[in-house]
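One structure below.
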Amino acid sequence: MPNVDSLAGLIMLALQVIALVGAGFALFHAVRQPAEAFPAVDKLTKPVWLGILAAALIVLLLFGAVGMLGIIAVVAVCVYLVDVRPRVEEVQKRRW
């Protein structure tokens with residue numbers, strides 16, 4: 001847990017909270033999507049994304065968002081939120 005007595009500590013805490021909320025949201029979103037939507041948009045399968053996002057959430061909980069593993073976890077969550085999520089939602093609007 002970062003030291004919140006300084007401005008840098010508050011910024012680190014804010015980054016940690018934002019990363020955790022984003023990872024939780026991404027995992028929740030992926031759980032709710034149908035498995036067929038992922039291959040339909042040429043992305044990894046649903047179980048693979050669930051594993052990636054669950055691992056990212058665990059890494060963020062254990063190591064934080066600023067270390068090397070945390071940065072990798074944040075990048076994985078960002079890829080899902082920026083690339084996979086919009087395409088999965090787009091194909092559902094067309095097909096479902």
List the residues meeting side-chain contact (heavy atoms from CB on, under 4.5 Å) with Val48, not counting sequence neighbours, and say none if there are none.
Leu44, Thr45, Ile52
Check whether Leu27 and Leu61 end up in the same hydrophobic cluster, where Ile, Leu, Val, Met, Phe, Trp and Tyr are linked by side-chain heavy atoms less than 4.5 Å apart.
yes
Which residues share a side-chain contact (heavy atoms from CB on, under 4.5 Å) with Leu15, sequence neighbours left out
Ile11
Can you pull the side chain to side chain donor-acceptor pair (under 3.5 Å) pairs that have at least one residue in residues 67-78, sequence neighbours excluded?
none
State which residues pass side-chain contact (heavy atoms from CB on, under 4.5 Å) with Val66; sequence neighbours excluded, sorted by chain then number.
Met12
Distance-only donor-acceptor hits, side chain of residues 72-82, under 3.5 Å, sequence neighbours excluded:
unit_1 : atom_1 : unit_2 : atom_2 : d
Tyr80  : OH     : His29  : ND1    : 2.8
Tyr80  : OH     : Ala30  : N      : 3.4

Mind jotting down which residue pairs meet the salt bridge (Lys or Arg N to Asp or Glu O under 4.0 Å) criterion with at least one end in residues 10-31? Sequence neighbours excluded, please.
none
dist Leu53:CG -> Lys46:NZ (nearest 0.5 Å) comes out at 11.5 Å
Atom pair CG/CZ of Leu50 and Phe38 - distance to nearest 0.5 Å
6.5 Å
Students should find that the hydrophobic cluster of Phe63, defined by side-chain heavy atoms under 4.5 Å apart, otherwise consists of Ile58, Val59, Leu62, Leu69
Run the salt bridge (charged side-chain N to carboxylate O under 4.0 Å, His left out) test against Lys43 and tell me which residues pass, sequence neighbours left out.
Asp83
Can you tell whether the side chains of Lys93 and Glu89 come within less than 4.0 Å, N to carboxylate O?
no
